[in-house]
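Small disclaimer: the values here were computed from a predicted structure and weren't measured. So that the names make sense, note that chain A is the first sequence line, chain B the second, and so on, each numbered from 1.
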Amino acid sequence: MSIQFVEDKHIQYVIEQESHRTFEYWLSEHLRMNGLYWGVTALITMKSLDENLNRQDVIDYILSCWDSKNGAFGSFPKHDAHILSTLSALQVLKIYDLELKMLSIQQKSSLVTFIKNLQLPNGSFQGDKFGEVDTRFVYTAISALSLLDELTPKIAQSASNFIMECFNFDGGFGLSPGAESHAAQVFVCVGTLAILDKLDLIRNETKLVNWLSERQVLPSGGFNGRPEKLPDVCYSWWVLSSLSILNKKHWVDLNKLEQFILSCQDLKEGGLSDRPDNQTDVYHTCFGITGLSLIDHKKYDFIEIDPVYCMPSEITKNFKKWKK
Amino acid sequence: MQHGIKRQHLSEEAKKSKLEKDQIKIKNYKSLVDQLFQFRDDNLYNEDIFKLTTKCLLINPEFYTMWNYRREILLNLNNTEIFINYLKEDLIFLLGLLKKFPKCYWIWNHRKWCLMELVDLNKADWDFEFNTISKLLELDERNFHCWQYRRYIIANMKKDLDSTVIEEIDRREFDYTTTKIQNNFSNFSAWHQRACSIKLVKHENSYDCLKDELDLIKTGIFMSPEDTSIWLYVKYLLTDTFFIDSIKSKNDYMDILQDQLKVVEEVNELENEDTGKDNVECLKMIIFLKDLIMKQEGNDKFDKDIQNIIHKLVDLDPLRKGRYKDMLQNQVLTE
Ligand SMILES: [Zn+2]
């Protein structure tokens, strides 16, 4: 028997994120921009964005997080610019306006400078000037440059070379050369290569797809992030989007995965958690719902989500396709 | 992002009372943050403010902007002696935080930053760092931040050392993975590390090394054949050029593959006696080996045997049924 998807409760849950201003809420300012992106993405996937969030309020909030010293977005007003909050900001702004007209020409050009300056000679990217190197930041930077239509052959070449250095013997990707394979890192690496039209660099693609399909475990049917670890709803997105990019969604049991995601809902108060009966949050709510969209968006009357950008396909289809 | 925390449904009343209780904490925290941002706007960098950032980061170690401010204060100390002391004290402060928040990226990031500053001043104590990370890894043997940091420490330790000492370090790292694996065969993080470090250790020849490794994993396979981590490592041993190139002849390679096949078939037999069913991981390994053997023999079409096993897998491992069907249709095993 299938568990029902409690859409109305999830919508309510996402909207109310802003109203439960407990101590923990104030401690999560550093994630607020990402949280906004997760909330907006969850709502738009359920076709419920415009009636629930005021467009101008959202844009105003994002613009209030502009860090003029560094020329990019922080997570909260007065917080420093970081590549993670910058991508989230751009993704949401792009949903509202493909041309990003709410940003000045100067802002756009300083964003490009900010991102390009984070690239290191080996092709990798730092998260900020103090930050360390991680394939997460490569994806974030490449996706952001793609949203700004500012990719160059030189950046594409060096970034994809770095990504391939993170490919492991088991078929997965790690956070840096020599690091253990991890499903979230696989998504960022495959996603980067997809944006850069460089998927053909993966010589042993079937090994990679095998590794991805092995992430599905019983009895739950959910995906784990690494061998011999517990399943978690967020991997529904990281793994299934990667499989989707590689045209191999049918290598896992989508029906079982769907049941696992549904079992992680809080049926009473809305929202989804990492595993059944755990504490919900907007991050797992977003990736559970986008996961369901990848499984069968028509069944839920969701919009289709682009597995590469984790944004509505309606929006991303307008992006200028990068050709090497 | 919440991971592994039990769900709680608070009554309206409990929510209200929590919010009331939170008010004082919120007020104190916010005034601390406001104060710090004001100091930063005023370009103030001193030791009193440094202490305030400590207070703030103890409450919220994820506050990356506050870590940035802390680094700015450190960089503005204009006495090298004091700077070094602060960095060393920060390493201790960070150890405490890492014990409480072992998965917080920002804390690890700051630790690396402090260390790199000490390196520039020629004051890094790698042995101290190495012991620290070893202790942290005891607390969670799968924490990928810890493993990553350990690799980072080792890479730095090896700089400027002569080759015999480097050899010792590589050998010690390799032995470390042996210990970790013997404690827990399912620890794939240790298998991963082994796969990387095995290539660095000096072997008489990699052929003997391959043989030794295959002996070592045999116990593990018999003990827990359903464990996916060992199989990934075995596949690596049997296909990576580091080992394969050391095998003198095609016949020797075939012997190794046949031996492995025998072992896996035996394990599967035992599983069959125990449970009345084939073991899925064994079956996957059997077709992997048979496919390798087949290719060595110059065949590129599945024989009946492989096809039968794949059909079995469709039933026994239905999650990945689509994969097996593709295999049958394309007559390629994938790897
Ligand atoms: Zn998760």
Side-chain angles (χ1 to χ4, degrees), chain A residues 20-23 26-31 74-75 78-80 82 127-128 130-132 134 168-171 174-176 178-182 204 206-207 209-210 213-214 216-218 221 226-229 232 234 248 250-253 256 266 268-269 273-275 277-281 283-284, chain B residues 1-9 15 18-19 22 25-26 29-30 33 37 41 59-60 62-65 67-68 71 105-106 108-110 112-113 142 144 147-148 151 186-189 191-193 195-196 227-229 232-233 235-236 240 318-323 325-326 332-335:
Chain A
H20 294 300
R21 302 203 168 193
T22 59
F23 184 48
W26 293 104
L27 292 186
S28 65
E29 288 172 347
H30 65 282
L31 271 178
S75 212
K78 289 187 91 71
H79 288 216
D80 289 349
H82 192 281
D128 61 17
F130 295 113
E132 60 180 309
D134 184 327
N168 283 319
F169 70 90
D170 55 9
L175 68 88
S176 68
E180 181 185 347
S181 300
H182 184 293
N204 204 336
T206 27
K207 198 174 185 177
V209 189
N210 252 349
S213 69
E214 290 293 337
Q216 190 166 33
V217 289
L218 288 172
R226 293 186 276 163
E228 306 303 316
K229 298 276 283 183
D232 175 340
C234 59
K248 290 287 191 299
H250 64 289
W251 277 31
V252 290
D253 188 329
K256 278 257 159 51
D266 183 335
K268 194 162 160 247
E269 298 186 352
S273 47
D274 58 345
R275 280 187 278 286
D277 301 317
N278 275 357
Q279 194 54 51
T280 58
D281 61 54
Y283 167 82
H284 288 96
Chain B
M1 283 178 248
Q2 309 270 10
H3 284 115
I5 299 163
K6 273 270 149 261
R7 188 178 295 164
Q8 256 186 326
H9 284 137
K15 273 187 204 160
K18 171 172 165 41
L19 205 56
D22 276 359
K25 280 200 278 183
I26 294 171
Y29 175 71
K30 282 177 70 175
V33 171
F37 273 130
D41 283 345
I59 306 172
N60 186 5
E62 303 265 1
F63 202 156
Y64 68 88
T65 306
W67 286 114
N68 291 350
R71 285 186 279 266
Y105 283 93
W106 311 107
W108 288 105
N109 187 28
H110 186 60
K112 276 193 184 171
W113 182 86
R142 289 300 303 271
F144 68 84
W147 281 102
Q148 181 69 358
R151 283 187 286 269
S186 301
N187 183 352
F188 184 73
S189 304
W191 288 112
H192 169 87
Q193 192 57 22
C196 300
D227 192 311
T228 54
S229 32
L232 286 167
Y233 188 68
K235 286 181 180 177
Y236 165 71
D240 195 274
L319 291 182
R320 284 161 276 271
K321 160 167 92 192
R323 176 170 114 193
K325 289 188 173 160
D326 277 5
V332 235
L333 202 50
T334 63
E335 283 173 70

Could you report the tightest heavy-atom contact between [X] and [Y], atom names first, then the distance?
X      : Y      : value
B/R323 : A/S213 : NH1-OG, 2.7 Å
A/F23  : B/D22  : N-OD2, 2.9 Å
A/D274 : B/G4   : OD2-N, 2.7 Å
B/Q148 : A/A179 : OE1-CB, 3.3 Å
A/L218 : B/L319 : CG-CD1, 3.7 Å
B/H192 : A/G178 : NE2-O, 2.8 Å

Side chain, backbone, both or neither of [X] within contact of chain B (heavy atoms, under 4.5 Å):
X      : answer
A/D128 : side chain
A/Y283 : side chain
A/K78  : both
A/V217 : backbone

Are the side chain of [X] and the backbone N or O of [Y] linked by a donor-acceptor pair below 3.5 Å?
X      : Y      : result
A/H250 : B/K321 : no
B/Y105 : A/E132 : no
A/R226 : B/R142 : yes
B/R320 : A/Q216 : yes
B/Q8   : A/Q279 : no

- Where do B/E62 and A/L31 land on the side-chain contact (heavy atoms from CB on, under 4.5 Å) test, with the steps shown first? CA-CA 9 Å; B/E62 303 265 1; A/L31 271 178; 5.9 Å; no
- Item | Residue pair A/W26, B/N60: steps toward the side-chain contact (heavy atoms from CB on, under 4.5 Å) verdict | CA-CA 10 Å; A/W26 293 104; B/N60 186 5; over 6 Å; no
Less than 4.5 Å to any heavy atom of chain A: does that hold for the side chain of [X], its backbone, both, or neither?
X      : value
B/D240 : neither
B/F188 : both
B/D326 : side chain
B/R71  : side chain
B/I5   : both
B/K6   : both
B/K25  : both
B/K325 : neither

- Count the heavy-atom pairs under 4.5 Å between each of A/E214, A/K229, A/R275 and chain B, then report the option with the highest count.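 Greatest number of close heavy-atom pairs with chain B: A/E214.
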- Message: Strictly below 4.0 Å, N to O, side chains only: are A/E29 and B/K30 in salt-bridge contact?
- Response: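 Salt bridge flag = no for B/K30 with A/E29.
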- Task: Measure the NE2-OG distance between A/H182 and B/S189 for me, rounded to the nearest 0.5 Å.
- Result: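 The distance works out to 9.5 Å.
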- To the nearest 0.5 Å, how far apart are SG in A/C234 and CE in B/M1?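 Interatomic distance, A/C234 SG to B/M1 CE, rounded to 0.5 Å: 8.5 Å.
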- Among B/T228, B/N109, B/N187, who wins on heavy-atom pairs under 4.5 Å with chain A?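 Between B/T228, B/N109, B/N187, the count favours B/N109.
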- Looking at B/W106 versus A/H82, is the centre-to-centre ring distance below 6.0 Å?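 Under 6.0 Å, so yes.
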- Task: Over 60° means perpendicular and under 30° means parallel, so classify the ring planes of A/H79 and B/F63, tilted if in between.
- Result: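 Judged by the thresholds at 30° and 60°, the geometry between B/F63 and A/H79 is parallel.
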- Message: Parallel, tilted or perpendicular, judged at 30° and 60°: which one describes the rings of A/F169 and B/Y236?
- Response: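 Ring orientation, 0 to 90° scale: tilted.
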- Run the numbers on B/H3 and A/H284 for side-chain contact (heavy atoms from CB on, under 4.5 Å), then give the verdict. CA-CA 9 Å; B/H3 284 115; A/H284 288 96; 3.1 Å; yes
- Query: Distance only, no hydrogens: is a donor on one side chain within 3.5 Å (strictly under) of an acceptor on the other, for A/S273 and B/Q2?
  - Reply: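 Short answer, no.
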- Task: Verify the neighbour count for atom NZ of B/K112: are there more than 12 heavy atoms of other residues, nucleotides or ligands below 6.0 Å?
- Result: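 Yes - once you tally the heavy atoms of other residues, nucleotides and ligands closer than 6.0 Å, there are more than 12.
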